[in-house]
Amino acid sequence: MKLIRKIEDFPAELRGGAITIGNFDGVHRGHKHIIQRVKQFAAQLHRPAVVFTFDPHPVRILRPEQCPPPLTWTDRKADLLAELGVEVMIAWPTTREVLELSYQAFFHQIIVDRLGAKAIVEGPNFYFGKDRQGDTARLGELCEQAGLLWSIVNPVEEQGVWISSSRIRGLIADGLVSEAREYLTQPYRIRGLVVHGSHRGTGLGFPTANLDGIDTLIPAFGVYAGRAKVDNRWHWAAIHIGPSPTFAEARPKVEVHLLDFDQSLYGQLIEVDFIERLRGIEQFASIELLRNQLERDLESTRRLARQLEL
């Protein structure tokens with residue numbers, strides 16, 4: 001995978017490929033369906049399969065108060081797309097100048113002139129250009145005039161509902177990470193810097209890594225089974241998100257206990273996958289009752305680890 005952050009850096013040898021334009025937040029099964037068609041065109045043309053995306057999302061520039069938290073960061077998105085067979089991802093820095101381009105200007109200046117695209121694939125809800133004035137019908141007209149191959153693929157449905165980033169975002173916000181995992185191509189993941197906490201977990205015999213600086217959507221309050229990536233190695237983990245009512249701590253935290261792991265993680269950036277929600281946040285009448293529940297949480301996580309091969 002070649003990740004390009006400046007359109008000026010787009011090399012001549014990558015021109016003439018098959019492209020798709022979109023946010024691709026989360027990289028879900030609907031996106032996978034689009035990528036499969038892009039790869040078919042790319043093979044037909046003997047040219048690369050290219051994804052063009054904006055960084056950050058245009059809504060963050062135009063209406064920042066309405067911009068939802070992302071599901072992926074740029075490098076994670078590139079990795080997920082690479083697993084689907086994408087050869088090039090353009091993460092173009094979003095500017096008002098670009099967003100002011102008419103749909104005709106965007107098509108000719110970006111798609112044709114700068115990328116030299118020979119094919120384009122989109123979903124049915126694709127819009128482009130200033131004020132989203134370009135739609136799939138206008139895209140088709142422009143492609144016909146310019147001699148580009150083009151295709152609008154049908155959405156992927158699950159129980160009569162389109163698989164979309166917004167639907168997945170809603171599931172994660174509700175803590176339904178296993179349901180979201182069915183729609184995604186990989187388990188939902190966050191990343192954060194390990195900082196010092198209250199050390200209550202250590203006192204209980206369950207040391208945790210407290211994460212700060214998380215730049216994607218945090219799942220709903222609760223206890224989850226998942227895994228954490230440290231130094232390119234995965235460790236199964238129990239994850240606590242929310243306050244600690246047993247200790248009268250109202251400030252929510254993201255705490256990760258790695259199973260069978262006793263090394264210091266302070267100052268490290270770690271990634272955490274969510275596999276299944278185990279329970280909600282509870283207030284316990286005693287420390288002993290809390291400790292017993294934590295033991296059960298770890299056993300549930302171990303049981304899940306034995307069942308799954310991830």
Side-chain angles (χ1 to χ4, degrees), residues 1-25 27-55 57-58 74 77-78 80-156 162-165:
M1 156 72 78
K2 182 179 290 292
L3 175 59
I4 298 174
R5 296 181 182 271
K6 293 182 180 180
I7 198 70
E8 295 80 9
D9 296 337
F10 195 73
E13 62 268 21
L14 297 180
R15 290 172 56 84
I19 74 167
T20 181
I21 301 170
N23 193 39
F24 290 89
D25 195 18
V27 187
H28 52 67
R29 286 166 44 204
H31 295 142
K32 181 178 180 180
H33 190 46
I34 292 175
I35 296 304
Q36 289 172 337
R37 187 72 181 106
V38 173
K39 288 167 58 180
Q40 290 173 355
F41 273 145
Q44 181 178 336
L45 295 165
H46 301 288
R47 304 299 298 152
V50 180
V51 166
F52 182 104
T53 186
F54 288 102
D55 186 20
H57 193 294
T74 299
K77 187 184 301 182
L80 292 170
L81 289 169
E83 290 176 4
L84 299 182
V86 173
E87 298 162 86
V88 183
M89 181 178 125
I90 302 168
W92 195 355
T94 312
T95 64
R96 286 192 174 273
E97 180 183 6
V98 173
L99 298 179
E100 287 294 316
L101 291 175
S102 67
Y103 73 89
Q104 300 98 326
F106 184 89
F107 179 85
H108 290 292
Q109 293 179 26
I110 307 302
I111 297 174
V112 176
D113 294 343
R114 294 203 178 188
L115 302 181
K118 296 301 181 183
I120 184 167
V121 180
E122 298 298 340
N125 58 346
F126 175 68
Y127 296 92
F128 64 111
K130 183 179 179 181
D131 298 327
R132 296 163 55 91
Q133 292 181 352
D135 56 14
T136 55
R138 286 173 168 167
L139 176 65
E141 293 172 359
L142 292 171
C143 287
E144 294 290 345
Q145 295 167 9
L148 271 66
L149 300 171
W150 65 285
S151 177
I152 305 300
V153 302
N154 293 325
V156 176
W162 288 10
I163 294 178
S164 67
S165 298

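Computation of the quantities below employed the complete heavy-atom set of this structure, encompassing side-chain atoms and omitting hydrogens, waters and symmetry-equivalent molecules.
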Tell me, please, which residues at least two apart from [X] pass side chain to side chain contact (heavy atoms under 4.5 Å, CB included).
X	result
Q40	R37
P124	I152, P155, W162
A42	A18, A49
D131	Q133

Not counting sequence neighbours, which residues clear side chain to side chain donor-acceptor pair (under 3.5 Å) with [X]? List them please.
X	result
Q44	none
E144	W150
R5	D75

Looking at residues at least two apart in the chain, or sitting in another chain, which of them share a ring-ring contact (aromatic ring centres under 6.0 Å, His included) with [X]?
X	value
F10	none
F106	none
H28	H31

Quick test of your reading: applying salt bridge (charged side-chain N to carboxylate O under 4.0 Å, His left out), list the pairs with at least one residue in residues 13-25, sequence neighbours left out, ordered by first then second residue.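 Residue pairs with at least one partner in residues 13-25: D25-R169.
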Residue pairs passing the side chain to side chain donor-acceptor pair (under 3.5 Å) test where at least one lies in residues 89-98, sequence neighbours excluded: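 Those involving residues 89-98 do not exist here.
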State whether the side chain of T20 and the backbone N or O of E122 hold a donor-acceptor pair below 3.5 Å, judged by distance alone.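 No.
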Considering all heavy atoms of both residues, which atom of N23 and which atom of K77 are nearest to each other, and what is their separation?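 Answer, listing the atom of N23 first, then K77: O-NZ, 2.7 Å.
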Where is the tightest heavy-atom contact between G30 and I163, given as atom of each residue plus distance?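 Where G30 meets I163 most closely, the heavy atoms are N-CG2, 4.2 Å.
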